[in-house]
Number of protein chains: 2
Amino acid sequence: MMQADESCELYRFLAQNKGFRQRGGSGSCSFPAAQSLSTETALPSPHDRALAALKNHKEAEKRRRERINSHLDKLRTLLPCNSKTDKASLLAKVVERVKELKHQTADIAELETFPSESDEISVLSGEESDDGRLLFKASLCCEDRSDLIPELNDILNSLQLKTVRADIVTVGGRIRNVLLIAANHHHSLESLHFLQNALKSLLERSNCSDRSKRRRLVIAHK
Amino acid sequence: MMQADESCELYRFLAQNKGFRQRGGSGSCSFPAAQSLSTETALPSPHDRALAALKNHKEAEKRRRERINSHLDKLRTLLPCNSKTDKASLLAKVVERVKELKHQTADIAELETFPSESDEISVLSGEESDDGRLLFKASLCCEDRSDLIPELNDILNSLQLKTVRADIVTVGGRIRNVLLIAANHHHSLESLHFLQNALKSLLERSNCSDRSKRRRLVIAHK
DNA sequence: CCCTACACGTGACAC
DNA sequence: TGTGTCACGTGTAGG
């Protein structure tokens, strides 16, 4: 473990190789580091400063290790594994869990919220997908009407966007669509703005007839 | 980095302190490690074996580090963070994510139970959330009716509570709602009582018409 | 005796 | 400058 720092022979070794010279024989192995720190308060020699820096460094590194390990221990309690599993295999399990979570939350995060009273559009630019495609989520909440879904389909088709998943909740004449949409490689973030505008005009077409003006536009980026 | 292993002075230092003796002066610093490995194939001296073991050890440790770091890199891609985030803060985020997952799965367990015959309200004050918000779960089981969900929404909106997740099971005219609700910072446990009372009056409004008195109130705290 | 996994101290590099 | 993070080689305990 090499706990006793001051008595460690490595220190003598390092001190010699650093051209250390102070109050005694230059090449001799007197090693007065400890005393010079405690008795001589004034004039911290460069050697002492280096030694102090080394100590700081050592302790900082220890704190860092402890921080990391505390997180690992917390993960150990959170996962189905005892306290004596490998650091590496623990992390492997963690990776599995996080992947799981990614799928689940991507699926069900916000799609089970009820339709709100106000009209809403949100396009959340998503994360890197599995096979290189860009996945993002679009949500549309408005008054329900029979031709809404077909029109939505038209918009997505014209933009060459593919609906990976759609979740629809209707209640009390209101509807909320949450779409998981895949964009291919020649799409840029520009496409998301196109989609936003298309959805916006879709809502306007719906509202221009008679509805009270209660539309609200929400644009969010992750 | 200390890449040049054979020329490192630490090696000489260690060799001296190990009582190493072979074919030359005992205390002298001849250090014939490299040659004895390459020229003398027979009779691996204990010193050579120790040196080989040290090399093996070194490489094994490197492999271990790489294994751990590869998992960490995978986590970096899975989480919303760039490739230059701290190892410690990365693990902190991972802990948050795994906690999230734990909540969700714990919730899923009981939310797929069928609606019971008796009316039930339960508000379970939940655990510390990821970003400081308080997450808790509210469950409502009663006779199904079309305006129930909108009224529920009104209640939550008026209390400024956000539905993170909603699970609904209806069977035979009965409905069970299990809501995962997020309260923000200026909410206290008082808000949960408000919610309880609101849900209670919601059920009473439903029952006052004609229903048989079979309501039962369940209040649970986790 | 391996071998594995861990904690430690240290040099290097970044801001 | 110091302050923090990382990779490395090493000592050491347990299988």
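Residue numbers begin at 1 in each chain, while the letters A, B, ... track the order of the sequences.
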Q.
Could you work out, with side-chain contact (heavy atoms from CB on, under 4.5 Å) as the rule, every residue matching A:Leu159, not counting sequence neighbours?
A. A:Ile155, A:Leu161, A:Phe194, A:Leu195
Q. With respect to the phosphate group of D:dT1, does any side-chain polar atom (N or O) of A:Arg49 fall under 4.0 Å of OP1 or OP2?
A. no
(Q) Regarding A:Asn56, tell me which of base, sugar-phosphate or nothing describes its non-hydrogen contacts under 4.0 Å with the strands shown. (A) nothing
Q: Write down the distance between CD (B:Glu59) and C1' (C:dA5), rounded to a whole number of angstrom.
A: 17 Å
Q: Take atom NZ of B:Lys58 and atom C1' of D:dG11, then tell me their distance rounded to the nearest Å.
A: 15 Å
Q | Partners passing side-chain contact (heavy atoms from CB on, under 4.5 Å) against B:Asp73 (at least two apart in sequence or in another chain) | A | B:Arg76
Q.
Run the salt bridge (charged side-chain N to carboxylate O under 4.0 Å, His left out) test against B:Lys62 and tell me which residues pass, sequence neighbours left out.
A. B:Glu66
(Q) If you only use heavy atoms from C-beta on, which nucleotide in C:dA12, C:dC6, D:dT10 is closest to the side chain of A:His57? (A) C:dA12
Q: For A:Lys55 and C:dG11, give me the distance from atom NZ to atom P, rounded to whole Å.
A: 17 Å
Q) Roughly, in whole Å, what's the span from CG in A:Asp86 to C1' in C:dA7? A) 15 Å
Q: Could I get the full list of side-chain contact (heavy atoms from CB on, under 4.5 Å) partners for B:Asn56, not counting sequence neighbours?
A: B:Glu59
**Q.** By salt bridge (charged side-chain N to carboxylate O under 4.0 Å, His left out) - contacts of B:Arg64 (at least two apart)
**A.** B:Glu61
**Q.** A:Leu54, nearest nucleotide to its side chain (from D:dC6, C:dT10, D:dG11)
**A.** C:dT10
**Q.** Interface with DNA chain D, restricted to residues 60-74 of chain A and to heavy atoms under 4.0 Å
**A.** A:Glu61, A:Arg64, A:Arg67
Q. How long is the gap from CG on A:Leu148 to CG on A:Asn153, to the nearest 0.5 Å?
A. 10.0 Å
Q.
What is the separation between atom NZ on A:Lys87 and atom C1' on D:dG14, rounded to the nearest whole Å?
A. 16 Å
